[in-house]
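First the proteins, then the strands, lettered A, B, ... as listed; each starts at 1.
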There are 2 protein chains.
Amino acid sequence: MSAPTIRDVAARAGVSKSLVSLVLRGADGVREDKRRAVLAAVEELGYQPNAAARSLSERRTRTVGVLLNDMRNPWFVELLDGLNRRLYDAGLRMLLADGHLNRHLGEDLAHTFTELHVDGLIAVGTLPDPGVLRRAAGRVPTVVASAREPVLPAVDIVANDDVIGARLATEHLIGLGHRDIAHIAGQGAVGELRRRSFEATMRAHGLADSAVVEQGDLTEEGGYRATVRLLSRVHRPTAVFAANDMTCVGALSAAEETGLTVPRDLSLVGYDNTYLSRLRHLWLTTVDNASEEVGRRAAQRLLERIAEPGRAAAVDLVTPFLEVRGTTGPPPSGG
Amino acid sequence: MSAPTIRDVAARAGVSKSLVSLVLRGADGVREDKRRAVLAAVEELGYQPNAAARSLSERRTRTVGVLLNDMRNPWFVELLDGLNRRLYDAGLRMLLADGHLNRHLGEDLAHTFTELHVDGLIAVGTLPDPGVLRRAAGRVPTVVASAREPVLPAVDIVANDDVIGARLATEHLIGLGHRDIAHIAGQGAVGELRRRSFEATMRAHGLADSAVVEQGDLTEEGGYRATVRLLSRVHRPTAVFAANDMTCVGALSAAEETGLTVPRDLSLVGYDNTYLSRLRHLWLTTVDNASEEVGRRAAQRLLERIAEPGRAAAVDLVTPFLEVRGTTGPPPSGG
DNA sequence: GGCAGTCTCTGGAACGGTCCAAAGAAGGGC
DNA sequence: GCCCTTCTTTGGACCGTTCCAGAGACTGCC
């Protein structure tokens, strides 16, 4: 009843278990007739190697764990695609776990992964508890993708360059003729980088005085509320740069509810180029954070760190680009 | 350098490895001073049990694999939540893999999971290749969640009741006074159930002649195109019931592009109650497919099947309900 | 025929846990 | 003091692989 083992295969093929092992690992120096006999036995018995036994013996799992911060906000799918492609080529499998799902259960997912003795760990986005990552990084090669924190001794960081991204968005609006531009800020290190770059860009164009910042929380609701606040000001901005697409969607709702037409009365720019922004009905101008490339490079960094665990931590920034769609245009008064 | 093992802990605590094992598994009949010594040693060494060794010895992994069909369409997040909660209580961990990500790599993820010797497998949504599931189900207890296929001997199915859901949506529109109602159909078994129920409901209300069906493909693009076709008919429908939210968003775009105001000129109903439909800017009337409950029950079924692998396959349907939001209203001519 | 050198193949020792039968310690009754 | 029980603790077998040293078989050369 229970699954066949390598010994069953060996018995069936009339060889030793060692030879079966050799055949399955593709070693050369095995006579063709024996190789065939082994493969036939494998086929007949439906044999599948036991990953646990293998990893116990090999002392590695050929598996990397990927920690997601929240699957509800699916900006990371392309990142995973990039990651997976590169890791797969290197013979590594990818297992996912969502921190948000398990948070309320009080479980430390990184812990699950270190128990599994994964060969590496990738944290995607900013995790709620930096301690988790610090502890995990002490045990297993770790890379942070698409976040700028936590900064830890042996943990590489791969992300898009938020300074450039925010500048692209802001200069796009300035280029269209906007002067009164607001920013709805995000949270954490990434939020701060985007906000500062927005401010710096406005300053560089002599628009420091007409730059406004409202705090958001990266959710639609937060974007909506922040925009309501912005639009109730005496001096209304003619354009809003939102810290992410979700926020931007909230801003869009608030604008239309106030009777403004986007982009005629108000221009909006998001960030991340999620599939949300690509929905025809939303069609947001946004900054593409080069997710897939971030994923590929994160995988690369992880492979390097697995090969050489002691190397110094690196920060690897990918250049984002602007994706102009339907929510931006010249300001109402003609600039 | 390498991770401490149970023997290191035993040596440090001055006891045998067996005793360490007993303490860690919470056995009683261990003297308090020894228990403390062991726990102290564990703490000092930062010992973590090796999951591979444990599962090899215990002959189970306390892990279930979850196969997702496509993370890009995140209707399943709440389902995972329900699943995870129940499985966690039963001492099982959940590992995710996305079939879509790996498809082009030609990898059989179910294979990865069976190699890992997971204790169970849950397929979420309809998987591209039914053969994958058939093979996997021969090795490990398997449950399909939120799909109606493939139907296999020892595989339970848990899903929302599409017949009821489609009827709710259709009757909602009829109740508002609509008579010319179109359906944009989905694919596979689920698509067929929804379409047939739509048709049956129309028939039951004597509206068989004014029921129209256009084929979609569950994507925004498909919904858009189908709606363009619908709206270019001589006799335009006043309401559209879309097979899922994504399709409905496409329909929304097509409607507005045609100059129609939703819901004044055209009513729209989606299906799944994804967070998309909850975005203020879309605010779709939709059928809630009770995802979380489906997840909980799927977990329950899996636990039962793990306990008793031979039991007959069951189909467990959860009752969906209507979520009325902003895209439905009375027909233009007043009904 | 003997011997070195290849080429194939094999048995047994890991890997790090769990489990179990049995050993050892402690306590009670005579 | 001895035997019997009960309570704790232990050594060793085992889970299913990989890895390695070395065993056999065969070849070619002197």
Side-chain angles (χ1 to χ4, degrees), chain A residues 1-39 41-42 45-63 91 112 114-119 139-140, chain B residues 1-39 41-42 45-63 91 112 114-119 139-140:
Chain A
M1 184 59 222
S2 76
T5 74
I6 200 170
R7 282 168 225 267
D8 300 323
V9 175
R12 176 123 190 173
V15 300
S16 72
K17 62 176 178 39
S18 303
L19 189 62
V20 176
S21 178
L22 287 173
V23 170
L24 291 178
R25 279 174 296 135
D28 42 29
V30 174
R31 243 166 46 208
E32 195 51 31
D33 57 332
K34 301 247 178 182
R35 145 171 274 115
R36 290 230 182 93
V38 167
L39 293 177
V42 163
L45 296 175
Y47 168 74
Q48 267 198 318
N50 180 323
R54 193 209 299 270
S55 74
L56 186 56
S57 180
E58 274 193 319
R59 320 201 56 174
R60 60 175 181 157
T61 50
R62 299 172 188 274
T63 297
T112 303
T114 52
E115 268 193 7
L116 276 175
H117 282 225
V118 291
D119 296 344
R139 298 176 185 272
V140 54
Chain B
M1 184 58 221
S2 77
T5 74
I6 200 170
R7 283 163 225 268
D8 299 323
V9 174
R12 175 121 189 173
V15 301
S16 72
K17 63 176 176 40
S18 302
L19 189 63
V20 175
S21 178
L22 287 172
V23 169
L24 291 179
R25 280 175 296 138
D28 42 29
V30 174
R31 243 168 45 210
E32 194 51 31
D33 57 333
K34 301 247 177 182
R35 145 170 274 115
R36 291 232 181 93
V38 167
L39 293 177
V42 164
L45 295 175
Y47 169 74
Q48 267 198 317
N50 180 324
R54 193 210 303 269
S55 73
L56 186 56
S57 178
E58 274 193 320
R59 321 201 55 172
R60 60 177 182 154
T61 50
R62 298 172 188 276
T63 297
T112 303
T114 51
E115 268 193 7
L116 276 175
H117 283 224
V118 292
D119 295 344
R139 298 175 184 273
V140 54

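Closest contact between the side chain of B/Arg25 and the listed nucleotides C/dT18, D/dG16, D/dT17 involves C/dT18.
Remark: C1' of D/dC19 and CZ of A/Arg60 are 14 Å apart, rounded to the nearest angstrom. Protein atom CG of B/Leu19 is 17 Å distant from nucleotide atom P of C/dC20, rounded to whole Å. Whole-Å rounding puts the A/Leu56 CG to D/dC14 C1' distance at 12 Å. The CD-P distance, from A/Glu32 to C/dC7, rounds to 17 Å in whole Å. Look at CG on B/Asn50: it is 6 Å from P on C/dG17, rounded to the nearest Å. The distance between atom CG of B/Leu24 and atom C1' of C/dC19, rounded to the nearest whole Å, is 15 Å. Distance, A/Asp8 CG to D/dT17 P: 9 Å, rounded to whole Å. One can place CZ of B/Arg7 at 8 Å from P of C/dG17, the figure rounded to the nearest angstrom.
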Check against side chain to side chain contact (heavy atoms under 4.5 Å, CB included), A/Val15 and A/Val38: CA-CA 8 Å; A/Val15 300; A/Val38 167; 3.9 Å; yes
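Inter-residue side-chain proximity for A/Asn50 and A/Arg54 is flagged as unmet; no heavy-atom pair is nearer than 4.5 Å. The shortest distance between side-chain heavy atoms of A/Val42 and A/Leu24 falls below 4.5 Å.
A donor-acceptor pair is defined here as one N or O able to donate and one able to accept, closer than 3.5 Å; such a pair exists between the side chain of B/Ser55 and the backbone of B/Ala52.
Here the shortest heavy-atom pairing between A/Gln48 and B/Glu115 reads OE1-N, 4.0 Å.
Not a single donor-acceptor contact under 3.5 angstrom links the side-chain atoms of B/Ser16 to the base of D/dT10.
Of the residues near DNA chain C, A/Ala53 and B/Leu22, the one whose nearest nucleotide (by heavy atom distance) lies more toward the 5' end is A/Ala53. Ranked by how close their nearest DNA chain D nucleotide is to the 5' end, B/Gly29 and B/Arg59 are led by B/Gly29. Residue order along DNA chain D, read from the 5' end via each residue's closest nucleotide, puts B/Val30 first among B/Glu58 and B/Val30.
An OP1 or OP2 oxygen of C/dC9 is reached within less than 4.0 angstrom by no side-chain nitrogen or oxygen of A/Ser18. In this model, the phosphate group of D/dT8 is not approached by any side-chain N or O of B/Arg31 to a distance below 4.0 Å at OP1 or OP2.
A/Lys17 comes within 4.0 angstrom of a base, heavy atoms only. Residue A/Thr5 is classed as a sugar-phosphate contact, given heavy-atom separations below 4.0 Å to backbone atoms only.
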